[in-house]
**Student:** 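Shown below is the structure under consideration.
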Amino acid sequence: MTEENTEIVRFTDLGLSDETLKALSESGYETPTPIQEKSIPIILMGRDMVGCAQTGTGKTAAFVLPQIEILIGGRTRARMPRSLILAPTRELAAQIADNFGKYTKYHSLSWALLTGGDGMDEQIKALDRGVDVLIATPGRLLDHYERGRILLTDVKIFTIDECDRMMDMGFIDDIVKIAGLLPQMRQTLMFSATMAPEIRKLAEKFLQNPREVSVAPPAQTAALITQELYYVDARKKRELLRHLLRSKEVHNAYIFCNRKRDVTVLTDSLRRHKFNVGELHGDMVQSKRYETLADFKSGKLEMMVCSDVAARGLDIPDVACVVNFDIPFNSEDYVHRIGRTGRAGKTGISISFATPDDVKLLDNVFTLTKHKVEPTSVPGLTLDSLDAGDAPRERSSGRSDRGGRGDSRGKKPSAPPPREREREKPSASPPRDKTGALPPRTYPTPDPIPAGGFDDDIPAFLRR
DNA sequence: AAAAAAC
């Protein structure tokens, strides 16, 4: 960290070109983050580097900026890129490409985004024209290579982003294969959120005499993120979620599910209950994935229900809340998921739902984070009082004009005609202010929860 | 147990 430094380092001190500095200041950046301050000089020297840093630390610019300076010295050749950047997911690759576009505004460097799900034609055209930088996911890159569309013999800089994630996703064979297609004489940069032994082994294999740079995560889980845990019957999760989203006036949230199918089910359910929500998972058409992400970033969508495709690396500022609708199978994903909030010094809240089946998973999470989260019991909340049903019944429709559930509870409700309900569209999202924050949402106040406390529905493992 | 990533 840099807090001991009395001297403030600026981008102008780091040996970047005037054109890059201009693009940077137009983007509103003047002072480098710690990872940028440390990495940029090393990369400019031509050294190999291992960077241990999470997203939110400014890691992308840390490897993009110095690369620009190195690459402007050479010239573009058709089908022979001089830099290759690998990322684990399509959205992440696209994010890196955005950075390149932004920072090369006053340089004439070209780049191509080679990811799956998008059409081949445009990518092939770009390759034929000649690009300086390839930003790719492994599968599509190898696809192009095997079809003879690219030569990798002129690659001078090889960047592997989110290396630990790549390993988790089983990309190791692809990475080894791709590295084998590159010249031995090159500069290799590797970035990873953790420095697990297998990452070190990979670094030893691919890097020569690397410098190691590591920065603290932007927010330690305990410090800025308030973690809440609810024990809930699996069938009541949706109802509890709606209750919490309304009572906490959550206006900006990721909601993670373990399964793609459940992402869709939950999204549909929340939509029927008039939450302004989108979905994101790997079975969707790529254009829709990008669209949802853009809408969530701009604030057009208030919430995004997603699979772990969105758990890591997506740089969306100021998300107030992360919901673990399911406890992730891999406890490291818990840390990554809730790391979507509490960023850049802001506070955030994470809400996790656990069923009796999740005891083991939860235990793994506590062990990893070295922090045990005590379950929250909603005062007076009876799980029985929550509605397991999915279709909006008397509560959701009655709520908007009556303000309370009144005496409808316990009886079979007299629901309004379904047509009428479907016609009601979620109100347009209010615009964000300069900080990206949304004004408080105007959902009706939640129904009062009848007194009674947890009773029969309490999971057996909670009853001591 | 799931998800992600190539056609």
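If you're wondering where the values come from, they're calculated on a predicted model, not measured in any experiment. Atoms considered below: every heavy atom in the structure, side chains included; atoms not considered: hydrogens, waters and symmetry mates. Below, chain A is the first sequence line, B the second, and so on; all start at residue 1.
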**Student:** Starting at CG of A/Asp174 and ending at P of B/dA4, how long is that distance when rounded to a whole Å?
**Tutor:**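 Computing the A/Asp174:CG to B/dA4:P distance gives 17 Å.
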
**Student:** Is A/Arg289 close enough to B/dA4 that one of its side-chain N or O atoms is under 4.0 Å from OP1 or OP2 there?
**Tutor:**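 For B/dA4, neither OP1 nor OP2 has a side-chain N or O of A/Arg289 closer than 4.0 Å.
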
**Student:** Between A/Lys260 and B/dA4, is there a side-chain N or O to OP1/OP2 distance below 4.0 Å?
**Tutor:**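 For B/dA4, OP1 or OP2 has a side-chain N or O of A/Lys260 closer than 4.0 Å.
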
**Student:** Calculate the interatomic distance between A/His281 atom NE2 and B/dA2 atom P; express it in whole Å.
**Tutor:** 15 Å

**Student:** Taking only the side-chain heavy atoms of A/Arg259 (C-beta and beyond), determine which of B/dA3, B/dA5, B/dA4 contains the nearest atom.
**Tutor:**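 The closest nucleotide is B/dA3.
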
**Student:** Of the nucleotides B/dA1, B/dA5, B/dA3, which one has an atom closest to the side chain of A/Phe329?
**Tutor:** B/dA1

**Student:** Categorize A/Gly117 for me: base, sugar-phosphate, or nothing, with a 4.0 angstrom heavy-atom threshold over every strand shown.
**Tutor:** sugar-phosphate

**Student:** Side chain of A/Asp333, heavy atoms from C-beta onward: which of B/dA2, B/dA1, B/dA6 has the nearest atom to it?
**Tutor:** B/dA2

**Student:** Does the pair A/Ile351 and A/Leu245 meet the rule for a side chain to side chain contact (heavy atoms under 4.5 Å, CB included), with working shown?
**Tutor:** CA-CA 10 Å; A/Ile351 299 172; A/Leu245 291 177; 5.8 Å; no

**Student:** According to a strict under-4.0 Å criterion, is A/Arg90 in side-chain N/O contact with OP1 or OP2 of B/dA6?
**Tutor:**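 It does, given that an N or O in the side chain of A/Arg90 lies less than 4.0 Å from OP1 or OP2 of B/dA6.
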
**Student:** Just how far, in rounded Å, is P of B/dA5 from CG of A/Asp143?
**Tutor:**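 Checked: the CG to P distance equals 15 Å.
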
**Student:** In plain terms, say whether A/Lys201 and A/Glu204 are close enough for a salt bridge, that is, a side-chain N and a carboxylate O under 4.0 Å apart.
**Tutor:** no

**Student:** Look at the side chain of A/Asn99 and the backbone N and O of A/Gln95, then say whether any donor-acceptor pair between them is shorter than 3.5 Å.
**Tutor:**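 Answer holds: yes.
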
**Student:** Rounded to the Å, how far apart are A/Asn324 CG and B/dA2 P?
**Tutor:**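 A/Asn324 atom CG is separated from B/dA2 atom P by 18 Å.
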
**Student:** Roughly how many Å is it from CG in A/Asp173 to P in B/dA6, rounded to a whole number?
**Tutor:** 15 Å

**Student:** Regarding A/Asn258, tell me which of base, sugar-phosphate or nothing describes its non-hydrogen contacts under 4.0 Å with the strands shown.
**Tutor:**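 It contacts sugar-phosphate atoms only.
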
**Student:** A/Lys360 has an atom NZ; how far is it from atom C1' of B/dA1, in whole Å?
**Tutor:**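 My rounded result for the distance is 15 Å.
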
**Student:** Please determine whether a side-chain nitrogen or oxygen atom of A/Thr137 lies at a distance below 4.0 Å from atom OP1 or OP2 of B/dA4.
**Tutor:**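 Looking at the OP1 and OP2 atoms of B/dA4, neither is under 4.0 Å from any side-chain N or O of A/Thr137.
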
**Student:** Using side chain to side chain contact (heavy atoms under 4.5 Å, CB included) as the criterion, point out the one residue from A/Leu266, A/Thr292, A/Ile255, A/Val263 that pairs with A/Glu279.
**Tutor:**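 For A/Glu279, the side chain to side chain contact (heavy atoms under 4.5 Å, CB included) test succeeds with only one of A/Leu266, A/Thr292, A/Ile255, A/Val263, which is A/Val263.
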
**Student:** Atom CZ of residue position A/Phe100 - does it have more than 12 heavy atoms of other residues, nucleotides or ligands inside 6.0 Å?
**Tutor:**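 Yes, enclosed.
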
**Student:** Distance check needed: B/dA6 C1' versus A/Tyr145 OH, whole Å only.
**Tutor:**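 So the two atoms are 17 Å apart, to the nearest Å.
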
**Student:** Distance check needed: B/dA6 P versus A/Leu141 CG, whole Å only.
**Tutor:**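 Between P of B/dA6 and CG of A/Leu141: 10 Å.
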
